[in-house]
K.L.:
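Structure below; questions to follow.
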2 protein chains.
Amino acid sequence: MIYTVGEMAKQLDVTASTLRYYDKEGLLPFVERSNGGMRMFKDEDISWLKIIECLKKTGMSIKDIKHFIDCCMEGDSKIDERLTIIESQRDTVIKQMKEMQEMLDMLNYKCWYYETAKKAGTCAVHDDMQVKNVPKEYHKYLNQK
Amino acid sequence: MIYTVGEMAKQLDVTASTLRYYDKEGLLPFVERSNGGMRMFKDEDISWLKIIECLKKTGMSIKDIKHFIDCCMEGDSKIDERLTIIESQRDTVIKQMKEMQEMLDMLNYKCWYYETAKKAGTCAVHDDMQVKNVPKEYHKYLNQK
DNA sequence: TATTGACTTAAAGTTAACTTTAAGTTGTAG
DNA sequence: CTACAACTTAAAGTTAACTTTAAGTCAATA
């Protein structure tokens with residue numbers, strides 16, 4: 001199957017101009033053109049776009065994604081570098097997820113804080129809250145508003 | 001203890017101008033001033049800055065953080081809205097973490113892909129790779145480059 | 001009291017990642 | 001063959017979140 005930029009955009013839930021922008025930035029060297037100059041996306045290009053999406057969603061810049069794609073186009077001589085880039089991005093994601101978990105922990109505490117305040121009708125309930133009435137997992141947040 | 005903007009910035013590992021920018025945007029209405037106009041950060045302000053950091057790191061815009069802080073300054077009449085905002089942000093983070101896990105799964109597959117290619121000296125090893133030699137958790141990525 | 005480093009504000013500048021616009025071309029349906 | 005929707009590029013515009021600059025002020029130390 002062959003798709004136009006608009007059809008491909010719809011499939012990937014991005015705009016056509018985003019795909020054109022990626023192409024302009026050199027992220028899509030694998031996309032072929034018709035005689036008239038129209039982009040022709042192939043089914044296998046979806047795999048490329050999914051890895052681009054993955055790198056983008058995990059915070060890699062367009063410039064660095066281009067570098068990775070360039071390495072891919074170079075072929076087997078760049079396997080080492082491609083592996084290094086992906087490993088490094090994986091480590092980045094692991095760090096991001098740890099940080100996310102910490103943020104989630106804090107938001108869970110805040111939810112408990114406001115649920116408790118809501119029941120009491122006032123945040124003042126926390127001023128004279130006894131530590132034993134605070135769930136253990138939230139102790140580290142005490143003395144926070 | 002009282003801290004200047006520079007001291008507070010160092011503690012939080014941000015620049016002083018970032019804190020001034022947040023203040024200008026209305027995120028720090030709780031920060032007091034000296035007679036001469038200098039910002040005076042108190043120890044309890046660190047709690048405020050940590051929740052701001054949490055909201056920011058989980059993708060909330062400055063504008064929406066300001067709205068939350070404004071609700072906080074309003075007092076008990078806004079407990080409901082504060083709870084709703086925090087619950088919604090928690091849900092957002094849970095979604096973000098699920099997506100992150102999917103990205104991590106894909107990066108793990110790519111690592112395996114390049115490790116295998118590296119051992120073989122060529123990516124062509126994947127062209128005639130038998131499914132039984134691909135770890136089960138990676139089967140969903142087959143037919144991807 | 002003079003120096004000096006850190007502070008103050010307002011305003012302009014930066015950056016990334018798009019998005020929009022304008023002018024023109026392609027390709028399909030009737 | 002004509003319409004016309006969707007494509008093309010180049011260039012300008014947008015947005016968020018800072019960052020930098022400039023001109024001046026504060027406050028701690030010698």
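Naming convention: chains lettered A, B, ... in sequence-line order (proteins, then strands); numbering from 1 in each chain. Just so it is clear, the model here is predicted, and its values are computed rather than measured. All values below were derived from every heavy atom in this structure, side-chain atoms included, with hydrogens, water molecules and symmetry-related copies excluded.
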K.L.:
Mind checking who shares a hydrophobic cluster with B/Ile2, ILVMFWY linked at side-chain heavy-atom distances under 4.5 Å?
P.N.:
B/Met40

K.L.:
Once salt bridge (Lys or Arg N to Asp or Glu O under 4.0 Å) is applied, do any residues pair with A/Glu87, and if so which ones, sequence neighbours excluded?
P.N.:
none

K.L.:
With under 30° as parallel and over 60° as perpendicular, where do the rings of B/Tyr114 and A/Phe68 fit, or are they tilted in between?
P.N.:
perpendicular

K.L.:
Taking all non-hydrogen atoms of both residues, which atom of B/Gln96 and which atom of B/Thr58 are closest, and how far apart?
P.N.:
NE2-O, 3.0 Å

K.L.:
For A/Asp80, give me all partners under salt bridge (Lys or Arg N to Asp or Glu O under 4.0 Å), at least two apart in sequence or on another chain.
P.N.:
B/Lys118

K.L.:
Hey, where on DNA chain C does chain B first and last touch, going 5' to 3'? Cut-off is any atom under 4.0 Å from a heavy atom.
P.N.:
C/dC7 to C/dT9

K.L.:
Applying salt bridge (Lys or Arg N to Asp or Glu O under 4.0 Å), name anything that partners B/Glu74, two or more places apart in sequence or on another chain.
P.N.:
none

K.L.:
Which residues pass the side chain to side chain donor-acceptor pair (under 3.5 Å) test with B/Glu115, sequence neighbours left out?
P.N.:
none

K.L.:
Return the polar atom pairs (N/O with N/O) between nucleotides 25-30 of chain D and the protein under 3.5 Å, or none.
P.N.:
residue : atom : partner : partner atom : Å
D/dA27  : OP1  : B/Ser34 : OG           : 3.1

K.L.:
Distance-only check: which donor-acceptor pairs under 3.5 Å involve side-chain atoms of residues 26-38 of chain A, not counting sequence neighbours?
P.N.:
residue : atom : partner : partner atom : Å
A/Arg33 : NH1  : A/Gly37 : O            : 2.8
A/Arg33 : NH2  : A/Asp23 : OD2          : 3.2
A/Ser34 : OG   : A/Gly36 : N            : 3.3
A/Ser34 : OG   : A/Gly37 : N            : 3.4
A/Ser34 : OG   : A/Met38 : N            : 3.1

K.L.:
Is there a side-chain contact between A/Tyr138 and A/Leu142 (heavy atoms, below 4.5 Å)?
P.N.:
no

K.L.:
Is it true that B/Asp70 and B/Lys66 make a salt bridge, defined as a side-chain N closer than 4.0 Å to a carboxylate O?
P.N.:
yes

K.L.:
Return whichever of B/Asp23 or A/Lys56 has its heavy-atom-nearest nucleotide of DNA chain C closer to the 5' end.
P.N.:
B/Asp23

K.L.:
Can you run down the ring pair (Phe, Tyr, Trp, His ring centres under 6.0 Å) pairs that involve residues 115-136 of chain B, sequence neighbours left out, and say none if there aren't any?
P.N.:
B/Trp112-B/His126, B/Tyr113-B/His126

K.L.:
How far apart are the closest heavy atoms of A/Gly59 and A/Gln89, and which atoms are they?
P.N.:
N-NE2, 4.3 Å

K.L.:
Going by number, which of residues 1-17 of chain A have a non-hydrogen atom under 4.0 Å from DNA chain D?
P.N.:
A/Thr4, A/Val5, A/Gly6

K.L.:
Looking at residues 58-70 of chain B, who's got a heavy atom less than 4.0 Å off DNA chain D?
P.N.:
B/Ser61, B/Ile62

K.L.:
Going by the salt bridge (charged side-chain N to carboxylate O under 4.0 Å, His left out) test, which pairs reach into residues 97-106 of chain A, not counting sequence neighbours?
P.N.:
A/Glu99-B/Lys57

K.L.:
Examine D/dT8: is either OP1 or OP2 under 4.0 Å from a nitrogen or oxygen in the side chain of A/Arg20? Give yes or no.
P.N.:
yes

